[in-house]
Every structure is written in C-alpha cells, then in structure tokens.
Amino acid sequence: MNRLVVVSNRVALVEEGKQQQAGGLAVAIQEALKSRGGIWFGWNGQTVDGPEGPPKITQSGRLTYATLALNERDHAEYYNGFANSTLWPLFHYRLDLASFSGRTYAGYQRVNSLFAGKLAPLLEPDDLIWVHDYHLIPFAEQLRNMGLPQRMGFYLHTPFPAPEILVALPAHEALVRNLCAYDLVGFQTESDLRCFANYIRYEARGEVTELGSNSTGGTGAVRVRAFGRTVTAQAFPISIETELLAGLAAQGANSVQTQRLRDSLVGRALIIGVDRLDYSKGLPQRFEAFQQLLDAYPANRGQVSFMQIAPPSRADVAEYQAIRRELEGMAGHINGRFAEFDWVPIRYLNKSFNRKALAGFYRHARIGLVTPLRDGMNLVAKEYVACQNPEDPGVLVLSRFAGAAKELDAALIVNPYDIGATAENLQRGLTMPLAERRERYEAMMRVLRTNDITHWRQAYVDTLAALEPEQ
Ligand code: F6P
C-alpha cells in the first residue's frame with residue numbers, strides 16, 4: 001500500500017484520545033494516514049518575524065506531522081491576500097468583494113513554491129500526494145517543476161465557479177493550468193465538476209471525455225486533456241462521522257450545557273444556526289427571514305428563539321470586519337424591536353463550542369437553519385441531521401446553494417435570497433407533523449449512513465491509487 005502524504009493549509013494535530021474534540025475531516029485524514037502510514041504537511045497557524053525555517057516534525061505512530069510557520073509578509077499576501085481576498089470571494093460568486101492584485105498573486109505562488117520545496121525532501125517515490133483546497137492549487141505544478149513524478153490529487157472544499165465568474169480573475173488560465181498538473185481533481189458536487197469541465201471545453205479549448213461512474217464510489221468522472229496533460233476529475237461529496245455524531249448527540253442531550261440551554265428556553269422552540277462568521281453564509285438574509293417570521297406569524301413572538309453561533313474568522317480581512325458590524329447592528333435592531341422582559345428573540349454568539357456541546361444543541365433545536373448564499377458542501381447541515389432524536393427529529397431548512405442540498409433533498413430547500421419564502425419554510429418546519437419529520441429525517445439519514453466521511457475518504461484515495469502514475 002502506498003504511503004499517503006496530505007498537504008493542507010492548516011494542519012490539525014489530533015492528540016491521541018482527543019478525537020472527539022477534533023473536526024471530522026481532521027480525524028478522517030488522520031485515520032487514513034495512520035492506516036497507510038504517511039505525512040500531514042502544512043502551515044501550523046502561526047506567523048513569525050523572520051524567514052520560515054525547516055518544518056517541525058512531530059511523530060505519532062506511523063503518522064508524521066510536518067508543519068511550518070509563515071512569515072508576516074507571506075501570511076498577508078498568500079493567506080489574507082490571494083487566498084481569502086481573491087479566491088474565496090471569487091469561488092463563492094462574490095465578484096463585488098474580490099480584489100485582484102499582482103502582489104498577492106505573486107505571494108500565493110511564492111508560498112506554494114516554498115511549501116513544495118520544504119516537502120520535497122520528505123517524499124518517497126511511491127507516495128500518493130493529496131493536496132487540499134484553494135490555498136494550494138499551484139502546489140503540484142511546483143513539485144512537477146522539481147521533476148517529481150508521484151501521483152498527485154487535489155480536492156477543492158469550496159465551490160468551483162462557473163467560467164463566466166472565473167474569467168474575471170486575471171490569472172484564470174494559469175490557475176486552471178496549475179490544476180491540470182494533478183492526476184486527480186476532486187470536487188464537492190457534480191455542478192462544480194460541470195463548471196470545471198465547461199472551463200476546459202470553452203475557455204481552455206481542451207478535451208473532456210465522460211467516464212461514467214467508477215467502482216470506488218465516486219460518480220460521473222471525466223477525463224480532461226488540456227495544457228499538455230491528462231487529468232481525471234470527479235465529484236466526491238464530503239461527509240461526516242454519521243454514527244459517531246448520532247451517539248455524541250444522544251449523550252450530549254443530557255450534558256450540563258444542553259440542560260442549561262433547555263432550562264433557559266422554558267419550553268420555547270429553538271431555531272439554530274452555526275457558521276463561521278463569513279459573508280458566504282447568508283447571515284444577514286437569515287436574520288431578515290427570522291424577523292419576517294415574527295412579522296408574518298406573530299404567534300411565534302415570545303414562543304420561538306433563534307440562536308446563531310458565529311465564531312469570528314479571518315478577522316484581518318476588511319470584508320469580515322464589515323459583516324461582523326452588520327450582524328451586530330441587525331441583531332440589536334431585531335432584538336430591540338421584538339424583545340420582551342422575559343424573551344430575547346435572537347441569541348447571537350461570537351464564539352465556538354466543542355463538538356459534544358454542539359451535538360446536544362442540534363438535537364434540542366426544532367429547526368436547523370443553514371442558508372448560505374453559496375457553499376461547497378456545508379457540513380453543519382449534515383451534522384444537524386445526524387444529531388436528531390430519531391423518535392422526534394427536528395427539521396432542516398437548507399439553502400439550495402449549499403452543496404449538501406443535492407444529497408439532502410428531503411430537507412426544506414429554500415432560496416436564501418427569497419426572505420419571504422424562507423420565513424414561510426421556517427413556519428412550515430415549526431408546525432410540521434411528527435410523521436413527516438420522521439420521514440424526511442430517515443431519508444436524509446439513509447444518505448448520510450451510506451456516504452459518511454470514511455466512505456468519502458476511501459473513495460478519493462482509492463481513485464487516486466488506481467490511476468496510472470505519470471499519465
Ligand atoms: O472550507 C473552506 C476552509 O477554508 C477550509 O479550508 C478551512 O479549514 C476553513 O474554511 C476555515 O478557514 P480558515 O482556515 O481560513 O480559518
């Protein structure tokens with residue numbers, strides 16, 4: 001079995017025995033690395049004054065973590081700059097928020113080259129290299145430039161935009177050429193795959209051949225010939241630790257935090273939202289829809305509470321500071337308008353909770369409200385479903401623009417720009433009969449049991465391992 005080398009912007013060092021506190025993706029990657037043996041390489045989340053030194057090696061059984069700090073200029077240009085002020089908004093269809101600068105693009109390429117140079121001496125000839133996310137699109141080409149022939153796969157955790165959006169990026173052609181240096185490019189959904197294939201056909205004038213379903217669990221693969229290379233591209237919808245979360249939620253239902261939440265609600269229904277504080281998550285529209293629920297269905301006043309958990313994220317970037325200010329204003333306005341001496345409509349929390357607490361909160365909430373304006377997958381939607389009590393499940397209200405809507409089509413699917421329709425669906429969820437709630441829950445759980453995180457990870461790695469090296 002080939003060794004696996006995972007490369008991602010952030011590396012989550014998961015301590016032995018503390019898997020329950022770590023995110024599902026981190027655990028899945030760690031398990032793959034432990035079973036095959038391998039390296040997890042990337043940024044350690046810290047910035048330093050001087051030049052980046054050699055990677056720090058931490059050994060954990062057959063798994064080696066190799067992490068390094070970024071210097072301040074690289075952090076500003078690569079992470080805050082090109083990754084989060086250009087690619088992130090662009091890939092989420094927010095051209096209005098994207099900035100384009102030759103300086104940050106050069107920083108992005110420079111850090112990819114730096115990372116590739118630091119990883120190269122640690123590689124062995126038969127390694128499978130699996131690179132994650134938009135921060136590291138040029139990584140494989142940097143390794144190829146050093147003459148490395150290993151099989152290299154890339155997985156994009158965000159949406160891949162339609163070519164009409166992507167071509168607004170001055171370096172669009174170079175970026176897609178970078179993608180074509182991989183052997184396998186994985187997307188969240190068929191629709192992302194289609195956008196990539198359309199770019200190849202109509203912009204790059206390359207060739208796209210449909211390969212159909214494959215034996216490893218992915219669907220609708222295509223073979224792309226462009227920029228002098230042959231690449232397989234396929235959708236692998238990411239998922240969650242379904243059974244583990246269901247168990248965690250059953251325990252979490254009796255945790256001190258969930259009990260305190262339950263007591264504080266004194267029998268009122270709870271609507272919950274949990275998102276990084278990011279403009280792609282549709283939070284202002286969500287607050288508006290809740291306001292509309294109270295306006296259009298006044299019987300909910302004093303009877304329903306909406307808890308939005310939104311830990312701050314990428315706080316150095318101006319657009320993130322702006323959305324934070326906007327939400328603070330909206331929460332204050334809506335609460336000021338509707339609150340009573342014994343009821344506050346919106347509980348807005350800029351902090352994070354551990355997985356067990358969240359699992360208990362999800363199970364207690366009558367509605368999971370997940371309404372991004374654009375999202376690669378959205379694992380909160382999947383986690384909310386997995387955490388429900390099978391005897392008395394809550395209702396998922398889900399944006400059609402989340403990748404998860406393709407698999408979770410038994411949710412109440414909404415267009416988050418349509419505030420009135422979102423409010424109507426909230427009301428429908430609050431009054432939905434038990435039999436319908438159970439039917440929808442069971443349909444979604446069937447999907448989540450079949451495609452859990454282990455299935456996702458194995459499908460991807462098996463597909464990469466089955467490709468011919470050096471196509
Ligand atoms: O899902 C996209 C993503 O950028 C992940 O790669 C990342 O782990 C997460 O969002 C959190 O973002 P950040 O690493 O910028 O805090």
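Positions are given from 1 along the sequence.
- For the residue pair Arg286 and Thr371, a side-chain donor N or O sits within less than 3.5 Å of a side-chain acceptor on the partner.
- Closest heavy-atom contact between Gly429 and Val395: O-CG2, 3.7 Å.
- Put simply, CE on Met445 and OG1 on Thr242 are 6.0 Å apart, with the number rounded to the nearest 0.5 Å.
- Side-chain contact, Arg337 with Gln291: a donor N or O sits under 3.5 Å from an acceptor N or O.
- Here the side chain of Arg324 pairs no donor or acceptor atom with the backbone of Leu277 at under 3.5 angstrom.
- Remark: side-chain polar atoms of Gln388 are paired, donor with acceptor, to backbone N or O of Tyr362 under 3.5 angstrom.
- Other residues, nucleotides and ligands contribute more than 12 heavy atoms inside 6.0 Å of the CZ atom of Arg94.
- Salt bridge status for Arg366 with Asp392: present, with a side-chain N to carboxylate O gap under 4.0 Å.
- Only one option out of Phe154, Tyr155, Phe160 pairs with His157 in a ring-ring contact (aromatic ring centres under 6.0 Å, His included); it is Tyr155.
- Taking 4.5 Å as the limit, every side-chain heavy atom of Gln109 sits out of range of all side-chain heavy atoms of Phe82.
- In this structure, Asp183 contributes its side chain and Met152 its backbone to a donor-acceptor pair below 3.5 Å.
- Counting heavy atoms from C-beta outward, Arg438 and Glu391 have side chains that approach closer than 4.5 Å.
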Step by step, work out the side chain to side chain contact (heavy atoms under 4.5 Å, CB included) result for Leu261 and Arg347.
CA-CA 11 Å; Leu261 174 64; Arg347 301 177 182 196; 3.7 Å; yes
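- Between Lys382 and Ser239, some side-chain heavy-atom pair lies under the 4.5 Å cut-off.
- Within a 6.0 Å sphere centred on CD of Glu439, heavy atoms belonging to other residues, nucleotides or ligands number 12 at most.
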Counting only pairs under 3.5 Å, give me each side-chain donor-acceptor contact of residues 372-379, with atom names and distances, residues two or more places apart or in other chains.
unit_1 : atom_1 : unit_2 : atom_2 : d
Asp375 : OD2    : Lys281 : NZ     : 3.1
Asp375 : OD2    : Asn378 : ND2    : 2.8
Asn378 : OD1    : Val380 : N      : 3.0
Asn378 : OD1    : Ala381 : N      : 3.1

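- When atom types are taken as modelled, the side chain of Asn112 and the backbone of His135 share a donor-acceptor pair closer than 3.5 angstrom.
- Using modelled atom types, one finds no donor on one side chain facing an acceptor on the other under 3.5 Å when comparing Arg276 with Tyr320.
- Below 30°, between 30° and 60°, or above 60°: for Phe196 and Phe187 the angle between ring planes is between 30° and 60°, a tilted geometry.
- The backbone N or O of Ala269 sits nowhere less than 3.5 Å from a side-chain atom of Gln303 that would complete a donor-acceptor pair.
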Take Arg177 and Arg229, measure what side chain to side chain contact (heavy atoms under 4.5 Å, CB included) needs, and give me the verdict at the end.
CA-CA 9 Å; Arg177 181 191 293 269; Arg229 279 199 49 92; over 6 Å; no
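- With hydrogens and angles ignored, the 3.5 Å screen pairs a side-chain donor or acceptor of Asn335 with a backbone N or O of Ile346.
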Which is it for Leu166 and Glu203 under the side chain to side chain contact (heavy atoms under 4.5 Å, CB included) test, yes or no, and what are the steps along the way?
CA-CA 10 Å; Leu166 185 56; Glu203 281 294 326; over 6 Å; no
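- Put simply, the side chain of Glu173 reaches to within 4.5 Å of the side chain of Phe227, judged on heavy atoms.
- Thr450 places a side-chain N or O within donor-acceptor distance of the main-chain N or O of Arg446, the cut-off being under 3.5 Å.
- In this structure, the side chains of Ile367 and Ile272 stay at 4.5 Å or more apart for every pair of heavy atoms.
- Panel note: side chain Asp452, backbone Ile240; no donor-acceptor pair is recorded below 3.5 Å.
- To the nearest 0.5 Å, atom CZ of residue Arg363 and atom CD of residue Gln251 are 10.5 Å apart.
- The aromatic rings of Tyr417 and Phe401 stand perpendicular to each other, their planes meeting at an angle above 60°, with 30° marking the opposite boundary.
- Between the side chain of Glu319 and the main chain of Ser85, no donor-acceptor pair closer than 3.5 Å is present.
- Rounding to the nearest 0.5 Å gives a distance of 13.0 Å between CD1 of Ile165 and NE2 of His172.
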Checking ring pair (Phe, Tyr, Trp, His ring centres under 6.0 Å) for the pair Tyr105/Phe100: CA distance, chi angles, key distance, verdict?
CA-CA 8 Å; Tyr105 178 61; Phe100 301 103; over 10 Å; no
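- We find that Arg440 and Glu436 are joined by a salt bridge, their nearest charged nitrogen and carboxylate oxygen being less than 4.0 Å apart.
- The residues Glu207 and Arg223 are annotated as not salt-bridged, no charged nitrogen and carboxylate oxygen being separated by less than 4.0 angstrom.
- Between Asn9 and Asp133, the closest side-chain pair of non-hydrogen atoms is not below 4.5 Å.
- Thr463 places a side-chain heavy atom less than 4.5 Å from the side chain of Phe236.
- With hydrogens and angles ignored, the 3.5 Å screen pairs no side-chain donor or acceptor of His364 with any backbone N or O of Gly360.
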Between Arg314 and Trp88, is a side chain to side chain contact (heavy atoms under 4.5 Å, CB included) present by the stated rule, with each step listed?
CA-CA 11 Å; Arg314 304 174 191 167; Trp88 180 268; 3.1 Å; yes
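- Taken to the nearest 0.5 Å, the CD atom of Gln308 stands 11.0 Å off from the CD1 atom of Ile271.
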CA sep, side-chain torsions, deciding dist, call: Arg457, Glu241, salt bridge (Lys or Arg N to Asp or Glu O under 4.0 Å):
CA-CA 11 Å; Arg457 178 263 279 176; Glu241 294 166 288; over 6 Å; no
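- Below 30°, between 30° and 60°, or above 60°: for Trp456 and His132 the angle between ring planes is between 30° and 60°, a tilted geometry.
- For the pair Phe139 and Val111, the minimum side-chain heavy-atom distance is 4.5 Å or more.
- Defined by atom type and a distance below 3.5 Å, a donor-acceptor pair is missing between the side-chain atoms of Asn425 and Thr422.
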